[in-house]
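Take a look at the structure below.
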Amino acid sequence: MRTTRLFIPTLRQTPGEAEVISHRLMLRAGMIRKVAAGIYTYLPLGLRVLKKIECIIRQEMNRAGAQELLMPILSPAELWRETGRWDFYGKELLRCQDRHDRDFCFGPTHEEVITDLFRREIRSYRQLPMNCYQIQTKFRDEIRPRFGLMRGREFIMKDAYSFDADEESARLSYQKMYDAYERIFTRCGLTFRAVEADTGLIGGSMSHEFMVLAETGEETIVYDERGSYAANVELAEVPPPPEEDKAAPLALEAVQTPGTKTVQEVCAFLKVSPNRLVKTLLYQTPTGDVIAVLIRGDHEANEIKINRFLGTTVLTLANAETVSKVSSAPVGFAGPVGLKGIRIIADHAVKAMRNFVVGGNKNDTHLINVNWDRDFTVEAFLDLRQARAGDQSPRSADRLQEAKGIEVGHVFLLGTKYSQAMNATFLDADGQETLAIMGCYGIGVSRTAAAAIEQNHDDKGMVWPVPIAPFHLHLLPVTASEQVVKTAGMLYDSCTEAGLEVLWDDRDERAGVKFNDADLIGAPFHLTIGDRGLAQGVVELKRRDTGEVVPLQPADVLPHVQELLSSYDLPAV
RNA sequence: CGGGGCGUAGCGCAGCCCGGUAGCGCGCCUGCUUUGGGAGCAGGAUGUCGGAGGUUCAAAUCCUCUCGCCCCGACCA
């Protein structure tokens with residue numbers, strides 16, 4: 001393409017609305033423009049990247065035996081009422097009514113629609129397994145859309161749904177998708193890690209997230225070096241401490257700790273380290289019950305784990321009023337000793353402690369030399385805290401490490417959650433009506449593009465991985481002499497005919513402007529054509545990632561670039 | 001939903017406190033010169049100052065309401 005023919009409105013200055021790097025660069029490079037909060041138009045350059053990612057996804061999904069279809073963006077409320085998600089999904093589900101006042105919603109995901117299709121069309125186990133996918137615009141009315149394409153309200157997603165006759169076959173379908181996802185993100189040129197994940201609102205029994213590793217990621221993952229364990233901290237297991245404190249119990253004692261509300265303040269005041277203290281978190285269930293959760297002072301509670309144990313989903317920390325009612329003390333002094341009528345559960349790190357410090361259930365008072373077997377009763381010791389770097393890996397002798405990631409893919413083994421709710425059955429070999437075992441698998445296409453930038457950029461602009469770059473080669477004639485223009489035209493024609501995707505900056509701009517725009521757009525290879533080089537009979541090929549420049553005779557450019565591209569499995573857009 | 005911030009030319013901003021009828025840089029258009037890392041000179045176009053209401057002789061500026069956008073947080077004792 002010629003730059004003068006392609007709509008690439010680059011900006012010298014970053015619009016004030018953009019904070020994160022991918023958002024800033026996409027705006028500056030003329031890839032996207034905002035229409036409303038979390039809603040964007042994809043301009044030609046941005047769309048090229050999306051199409052490439054989609055192409056890789058299609059190839060790998062097809063290869064894995066999934067077939068493409070396309071469901072509507074709008075779906076009728078009745079389907080969502082069947083699974084209960086019309087109410088459960090909350091405000092994130094954008095609703096609307098047609099002229100007959102019938103309720104519809106903009107699909108945030110499509111389990112209901114596909115399951116409805118399945119139950120209408122599939123009769124026999126002979127038709128299974130089946131796996132269908134689509135690449136489509138989704139809408140989720142996020143509380144706070146942000147970071148450009150990273151967390152938009154409208155976004156492009158590939159979603160796939162598998163239906164199997166039995167558990168074993170379903171696991172196989174799941175594994176096929178998992179493997180396909182590894183190929184997809186590898187082919188996109190991204191550094192990523194698959195981690196065990198929480199199933200959240202979607203539900204199901206097993207789940208992995210695919211995380212693109214980047215400092216700016218919103219998710220935290222932990223993993224061990226040898227690769228035997230990797231998980232989102234949301235659910236990462238923490239093994240019990242290997243050793244228990246064997247100290248003899250000392251006499252319980254109340255001490256005055258005026259004005260010390262936080263763990264740090266208490267520890268500083270009593271001159272003990274935080275791992276000698278147990279904090280008492282009072283949680284409230286939707287029905288108003290209060291439960292005390294004991295966590296070692298230097299640890300963080302993990303609400304997903306607590307929810308899972310209690311079988312709830314909307315646990316919140318008790319407000320100040322409830323705290324003072326339950327513990328008869330202001331916030332900051334709750335403790336397990338003498339708490340009446342309240343369930344007490346504790347992280348298993350607490351079980352290993354002796355003679356620890358807790359709140360005194362009285363203003364400005366803490367208790368020291370507390371022991372759980374003697375001074376209060378714990379209903380259960382279990383894994384309730386957040387994993388962190390340095391913790392023991394649950395699967396190996398290694399210590400866990402932490403990293404930040406951007407969730408670009410998520411696979412779920414759903415089981416019969418939706419097939420049961422919607423009565424999606426088939427006849428098995430014995431003629432029995434049987435519920436289909438489902439899986440669902442998503443990839444954020446637009447988010448993957450943003451994640452690729454977060455992971456691959458420098459201070460001048462984007463540095464696209466070759467397979468998803470909007471163009472392979474950026475031609476930069478830097479002077480306007482006849483020989484330069486002629487050489488550029490010849491190289492453009494020959495490379496384009498050979499199948500390279502070439503962007504030819506044919507604008508009447510100064511060299512600096514072209515160089516800067518080229519660095520911003522981030523095609524992997526730049527070719528500078530100028531009188532200075534041509535006087536020596538050469539043009540200059542620059543790698544965007546390393547900045548390395550090699551002089552080449554014009555005739556050698558095509559074979560050289562072809563050689564550079566030959567190691568990649570490029571999408572055919 | 002709570003808190004903070006911002007809406008003035010295509011983009012980045014100043015002007016607002018202290019009311020007097022709108023400016024700077026970049027970009028854009030024309031011409032000349034220039035031409036290997038964001039050119040120079042000269043000329044030019046572009047604004048219902050987010051919207052509505054109010055105060056006032058007079059409102060970008062003060063007051064009220066409203067819409068939109070960005071950031072942080074959503075109770076971690």
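Every chain is numbered from 1 and lettered A, B, ... according to where its sequence line falls, protein lines coming before strand lines.
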Subject >> Candidates U35(B), G37(B), G38(B) - which lies nearest the side chain of Asp517(A) >> reply: G38(B)
Original post:
Taking atom types as they are modelled, is there a donor-acceptor pair under 3.5 Å from the base of G27(B) to the side chain of Arg28(A)?
Top reply: no
Original post:
Checking all strands, does Leu11(A) fall into the base, sugar-phosphate, or nothing category for heavy-atom contacts under 4.0 angstrom?
Top reply: nothing
Original post:
Can you tell me the Watson-Crick or wobble partner of A14(B), both distances under 3.5 angstrom?
Top reply: none
Pairs under 3.5 angstrom only: tabulate donor-acceptor contacts from the side chains of residues 10-21 of chain A to other protein residues two or more places apart or in another chain.
residue: Thr10(A); atom: OG1; partner: Asp517(A); partner atom: OD1; Å: 3.4
residue: Thr10(A); atom: OG1; partner: Asp517(A); partner atom: OD2; Å: 3.2

**OP:** Provide the distance between the two C1' atoms, one in U21(B) and one in C72(B), to the nearest whole Å.
**Re:** 39 Å
Subject >> Base-pairing assignment for A42(B) (Watson-Crick or G-U wobble, both under 3.5 Å) >> reply: U30(B)
**OP:** Please measure how far the P atom in C63(B) lies from the corresponding atom in G27(B), and state the result in whole Å.
**Re:** 38 Å
**OP:** Send over the distance from Glu509(A) CD to U35(B) P, rounded to a whole Å.
**Re:** 16 Å
**OP:** Taking atom P in both G44(B) and G54(B), compute the distance separating them and give it to the nearest angstrom.
**Re:** 40 Å
Original post:
Going by atom types only, do Asp364(A) and Gln256(A) share a side-chain donor-acceptor pair under 3.5 Å?
Top reply: no
Original post:
Could you state the CD-P distance from Gln264(A) to C76(B), rounded to the nearest angstrom?
Top reply: 13 Å
Subject >> Between U8(B) and C70(B) - P atom distance, rounded Å >> reply: 14 Å
Original post:
NA contact type, Arg33(A), heavy-atom cut-off 4.0 Å: base, sugar-phosphate, or nothing?
Top reply: nothing
Subject >> G38(B) to G2(B) separation - C1' atoms, rounded to the nearest Å >> reply: 44 Å
Original post:
Ring centroid separation for Trp80(A) and Phe88(A), is it under 6.0 angstrom?
Top reply: no
Original post:
In whole angstrom, what separates Arg507(A)'s CZ from G27(B)'s P?
Top reply: 13 Å
**OP:** Hey, which sits more toward the 5' end of RNA chain B by its nearest nucleotide, Leu282(A) or Phe515(A)?
**Re:** Phe515(A)
**OP:** Please report, rounded to the nearest Å, how far the P atom of G37(B) is from the CG atom of Asp505(A).
**Re:** 15 Å
**OP:** For Glu300(A) and for Lys514(A), find the nucleotide of RNA chain B with the closest heavy atom, then tell me which residue's nucleotide is more 5'.
**Re:** Lys514(A)
**OP:** For the residue pair Lys404(A) and Thr220(A), confirm or rule out a side-chain donor-acceptor distance under 3.5 Å.
**Re:** yes
**OP:** Determine which pairs satisfy side-chain hydrogen bond (donor to acceptor under 3.5 Å, both in side chains) with at least one residue from residues 337-347 of chain A, sequence neighbours left out, and list them in order.
**Re:** Arg343(A)-Glu379(A)
Original post:
Whole-Å distance between C11(B) C1' and Arg24(A) CZ?
Top reply: 14 Å
**OP:** Please state whether the base of G25(B) and the side chain of Gln13(A) form at least one donor-acceptor pair under 3.5 Å?
**Re:** yes
**OP:** Indicate whether the side chain of Asp531(A) and that of Ser481(A) have a donor and an acceptor atom separated by less than 3.5 Å.
**Re:** yes
Original post:
Tell me, for nucleotides 68-74 of chain B in 5' to 3' order, what letter each nucleotide earns: B for a base near a protein heavy atom under 4.0 Å, S for only sugar-phosphate near one, - for neither?
Top reply: -SSBB-B
Subject >> Ring centre gap for Phe525(A) and His472(A) strictly below 6.0 Å >> reply: no
Subject >> Identity of whatever pairs with A74(B) - Watson-Crick or G-U, under 3.5 angstrom >> reply: none
Original post:
Would you say a side-chain N or O of Arg12(A) is under 4.0 Å from OP1 or OP2 of C26(B)?
Top reply: no
Original post:
How far, in whole Å, is A22(B) from C16(B) if one measures between their P atoms?
Top reply: 16 Å
Original post:
In whole Å, what separates the P atom of G51(B) from that of C67(B)?
Top reply: 15 Å
**OP:** Pick base, sugar-phosphate or nothing for Thr14(A), based on heavy-atom distances below 4.0 Å to the nucleic acid.
**Re:** sugar-phosphate
Original post:
Taking a pair as Watson-Crick or G-U wobble with both distances under 3.5 Å, which nucleotide is matched to G47(B)?
Top reply: none
Original post:
Across all strands, who's sitting opposite G68(B) as a Watson-Crick or G-U wobble pair, both distances under 3.5 Å?
Top reply: C6(B)
Original post:
Which nucleotide in the set C76(B), A39(B), C11(B) lies at the smallest distance from any side-chain heavy atom of Glu303(A)?
Top reply: C76(B)
Original post:
Just how far, in rounded Å, is P of G38(B) from CD1 of Ile8(A)?
Top reply: 21 Å
**OP:** For Glu209(A) and Asn232(A), test the side chains for any donor-to-acceptor distance below 3.5 angstrom and give the result as yes or no.
**Re:** yes
Subject >> Distance-only donor-acceptor check, side chains Glu402(A) and Tyr223(A), under 3.5 Å >> reply: no
**OP:** For nucleotides C57(B) and U30(B), find the distance between their C1' atoms and express it as a whole number of Å.
**Re:** 43 Å
Subject >> Atom-to-atom span, NZ of Lys279(A) to P of C75(B) - whole angstrom >> reply: 14 Å
